[in-house]
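Take a look at the structure below.
For the numbers below, each heavy atom of this structure counts, side chains included, while hydrogens, waters and symmetry mates do not. Keep in mind that this is a model prediction, so the values were computed, not measured.
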Amino acid sequence: GGNLPGLLLCGTVYIAAVVGMAAFVGSFFDVRERAMQVILLTAMPLYFLTGLPWPETSMPAWLAWAGRLLPSTPGINGMVKLNEMGARVSETAPEIANLALLALGYGLLSWWRYRLVETGAASRPAAAA
């Protein structure tokens, strides 16, 4: 009963936002496994920020707003609306727009960060021995 074309659109934009964020966050670690350790430690708090297990109306406003800066919040909310509720794309436009802005923002941040690393302007931590 879901909306397959809407899911494909939302999923594509979601993947772009996640890849941009992952590239940006990953640029700060000297060992690639370290980024995975950080993500594993933050997975549950990120899930609670989505508003699924804990209603967004019960969260402080600043915390609900901060959740929108992460792809997981609009991504999960948009996918649930499209897949479980059969919503139209127009009904999930705020989530898709949020994801598109995150994809653009994190993409630009990761491009900027890797550009700094390339030119040597950014100091990266030394590799652990």
Problem - Carboxylate-amine/guanidinium contact Lys81 Glu95, below 4.0 Å - result: yes
Exercise for the section: Give, for atom OH of Tyr106 and atom CG of Leu70, the distance between the pair rounded to the nearest 0.5 Å. Expected result: 5.5 Å
Practice task
Kindly indicate whether the side chain of Val89, heavy atoms from C-beta on, has any atom under 4.5 Å from the side chain of Leu9.
Solution key: yes
Fill in the blank from the handout: Between the CZ atom in Arg88 and the CG atom in Leu82, the distance rounded to the nearest 0.5 Å is 11.5 Å
Fill in the blank from the handout: Note: Arg113 and Ser27 closest approach over all heavy atoms is CG-OG, 2.7 Å
Handout entry: hydrophobic_cluster_shared for Val38 and Leu46, side chain cutoff 4.5 Å
Key = yes
Practice task
Report the distance from atom CG of Leu116 to atom CH2 of Trp111, rounding to the nearest 0.5 Å.
Solution key: 9.0 Å
Problem - Co-membership, hydrophobic cluster, residues Leu69 and Val25, 4.5 Å side-chain - result: no
Fill in the blank from the handout: Rounded to the nearest 0.5 angstrom, the OG1-CG distance for Thr73 and Leu99 is 9.5 Å
Practice task
Look only at the side chain of Arg34 and the backbone of Phe29, and say whether a donor-acceptor pair between them is shorter than 3.5 Å.
Solution key: no
Practice task
Return yes if some donor-acceptor pair links the side-chain N/O of Asn83 with the main-chain N/O of Gly2 below 3.5 Å, else return no.
Solution key: no
Exercise for the section: To the nearest 0.5 Å, tell me how far Arg68 CZ sits from Leu102 CG. Expected result: 11.5 Å
Handout entry: side chain to side chain contact (heavy atoms under 4.5 Å, CB included) partners for Val80, two or more places apart
Key = Leu52, Ile76, Glu84, Met85
Handout entry: Transitive ILVMFWY side-chain link Leu49 to Trp65, under 4.5 Å
Key = no
Problem - Same apolar cluster: Ile96 and Leu101, side chain cutoff 4.5 Å - result: no
Exercise for the section: Check whether any side-chain heavy atom of Tyr47 sits under 4.5 Å from a side-chain heavy atom of Ser72, and report yes or no. Expected result: no
Problem - Interatomic distance, Trp54 atom CH2 to Phe48 atom CZ [nearest 0.5 angstrom] - result: 8.5 Å
Fill in the blank from the handout: Heavy atoms of Gly67 and Pro74 approach each other most closely as O-CD, 4.4 Å
Practice task
Of all the heavy-atom pairs spanning Ser110 and Gly107, show the shortest one and how long it is.
Solution key: OG-O, 3.0 Å
Practice task
Write down the atom of Met21, the atom of Pro71, and the distance for their closest heavy-atom approach.
Solution key: SD-CD, 3.2 Å
